[in-house]
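To keep things clear, I will list the structure first and then write my remarks on it.
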Amino acid sequence: MIGTARLGHIGGDFSITDAMTTLFFGVLRLDPANPDWPERDRFILSKGHCAASLYSVLAMRGFFPTDWLSTFMQPLSVLNGHPNRKIPGVEANTGPLGHGLPIGVGSAIASRLSGKNWRTFVALGDGELQEGSNWEAAMAAGHRGLDNLVAVIDRNRLQQGARTEETNRLDPLAEKWAAFGWEAIEIDGHDHAALYEVFTRPGRGKPLAVVANTIKGKGVSFIEDRVEWHHKVPSPEQVKLALEELAR
């Protein structure tokens, strides 16, 4: 998709894909034939620049035909570079960093006020946590004890241009979430069994922050943990090589 479009954010797509696959195929209550089913769980991709991964998961889950993926970021395509609510399965327009978690807090509050029991999951980039709006939302969620809200932090330790700890130190990250009234758990963000176990645990009176330790560009040797692949586009030869590595 990214090789064809000559645009995208392939490194972050690969680091969050395992978490999203676990959610969409094993955890979230969804009905692809009825995307706006009122009882559904909600998933918000706050790191909206990684839309290619979200679109791939949605297509494979049956929300829209897989042949749409070939139109990614093409003129007049519905699959824009950032998620848009008009796409089946997309809950919120995202792209400006720091907006997804506040929307997620509103969704969790709405579930409670309506007497429903849907859960809301929000995927955040770790560099995105340098936006103060996230911590305002975290404080509100902790204050309200929103145990139907889960923040999934894609902790790949890279952001555009540099490592997160060089740009604006985030560690100790789990302790920061705990200080805001959240239950915070660190796991391997590429371990599907570990992800499933933490995503399906019952609420304990607090929102849950899952610090998912990941590798940017996971699965492709020449992309893994390389800062330039935040938005670098692979050549046709590199696409071929990457697909070969991923198929092993």
Has Tyr196 got more than 12 heavy atoms of other residues, nucleotides or ligands less than 6.0 Å from its OH?
->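 At most 12 heavy atoms, drawn from other residues, nucleotides or ligands, come within 6.0 Å of this atom.
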Within a radius of less than 6.0 Å around CZ of Arg144, do more than 12 heavy atoms belonging to other residues, nucleotides or ligands occur?
->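 Open.
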Is it true that [X] and [Y] make a salt bridge, defined as a side-chain N closer than 4.0 Å to a carboxylate O?
X	Y	result
Arg248	Glu244	no
Asp126	Arg163	no
Glu183	Lys206	no

Could you tell me whether the side chain of [Y] reaches within less than 4.5 Å of the side chain of [X], counting heavy atoms only?
X	Y	answer
Glu128	Thr164	no
Arg204	Asp147	no
Lys216	Glu224	no
Met20	Leu54	yes
Phe64	Leu79	yes
Val198	Arg201	yes
Ile223	Glu228	no

Side-chain H-bond candidate by donor/acceptor type, [X] with [Y], under 3.5 Å:
X	Y	result
Arg157	Asn213	yes
Ser77	Trp68	no
Thr17	Ser53	yes
Gln130	Thr167	no
His9	Lys47	no
Asp18	His192	yes

To the nearest 0.5 Å, what is the distance between [atom1] ([X]) and [atom2] ([Y])?
X	Y	atom1	atom2	value
Leu76	Thr71	CG	OG1	10.0 Å
Asp188	Thr214	CG	OG1	9.0 Å
Glu197	Ile187	CD	CD1	9.0 Å
Leu45	Glu91	CG	CD	12.0 Å
Ile87	Asn80	CD1	CG	6.0 Å
Leu28	Thr200	CG	OG1	11.5 Å

Answer with yes or no whether the hydrophobic clustering places [X] together with [Y]; edges join I, L, V, M, F, W, Y residues whose side-chain heavy atoms lie under 4.5 Å apart.
X	Y	result
Leu246	Met60	yes
Leu170	Ile16	no
Leu69	Phe63	yes
Leu146	Leu208	no
Phe180	Ile185	no

Stepwise side chain to side chain contact (heavy atoms under 4.5 Å, CB included) check, Val150 with Val152 | CA-CA 6 Å; Val150 180; Val152 185; 4.1 Å; yes
Could you tell me whether a side-chain N or O of [X] sits under 3.5 Å from a main-chain N or O of [Y], the two making a donor and an acceptor?
X	Y	answer
Arg61	Asp31	no
Arg40	Asn34	no
Arg169	Glu166	no
Asn93	Asn84	no

Nearest heavy atoms of [X] and [Y], plus distance in Å:
X	Y	answer
Lys116	Glu39	NZ-OE2, 3.3 Å
Ala123	Phe43	CB-CZ, 3.8 Å
Ala151	Leu101	CB-CD1, 4.4 Å
Asn148	Ala108	ND2-O, 3.1 Å
Asp154	Gly12	OD2-O, 3.9 Å
Ala141	Leu149	CB-CD2, 3.8 Å

Where do His99 and Thr94 land on the side chain to side chain contact (heavy atoms under 4.5 Å, CB included) test, with the steps shown first?
-> CA-CA 7 Å; His99 287 199; Thr94 56; 5.7 Å; no
Would you please classify the geometry between the Phe72 ring and the Tyr55 ring as parallel, tilted or perpendicular, with 30° and 60° separating the classes?
->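 Answer is perpendicular, since the angle exceeds 60°.
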Parallel, tilted or perpendicular: rings of Trp177 and Trp135 (30°, 60°) =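 Tilted, since the angle between the ring planes falls between 30° and 60°.
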Could you walk me through whether His230 and His49 pass the ring pair (Phe, Tyr, Trp, His ring centres under 6.0 Å) check?
-> CA-CA 10 Å; His230 178 78; His49 53 285; 5.3 Å; yes
Are Arg42 and Trp118 in a cation-pi setup, meaning NZ or CZ lies under 6.0 angstrom from the ring centre and within 45 degrees of the ring axis?
->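 The answer is yes, since Arg42 meets both limits relative to Trp118.
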Starting from the C-alpha separation in whole Å, work towards a yes-or-no answer on ring pair (Phe, Tyr, Trp, His ring centres under 6.0 Å) for Trp229 and Phe14.
-> CA-CA 11 Å; Trp229 284 98; Phe14 283 163; 9.6 Å; no
Going through the checks in order, is the side chain to side chain contact (heavy atoms under 4.5 Å, CB included) test met by Ile10 and Lys232?
-> CA-CA 7 Å; Ile10 195 167; Lys232 186 176 179 180; over 6 Å; no
Hey, mind stepping through Met1 and Leu7 against side chain to side chain contact (heavy atoms under 4.5 Å, CB included) and telling me if it holds?
-> CA-CA 9 Å; Met1 291 164 64; Leu7 293 165; over 6 Å; no
So among Val210, Leu124, Leu173, which one has a side chain to side chain contact (heavy atoms under 4.5 Å, CB included) with Arg155?
->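 Running side chain to side chain contact (heavy atoms under 4.5 Å, CB included) over Val210, Leu124, Leu173 with Arg155 returns exactly one hit, Leu173.
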Would Asp41 and Arg29 count as a salt bridge (charged side-chain N to carboxylate O under 4.0 Å, His left out) if you check the C-alpha gap in whole Å, the side-chain angles of each, and the deciding distance to 0.1 Å?
-> CA-CA 5 Å; Asp41 290 329; Arg29 294 183 309 164; 3.6 Å; yes
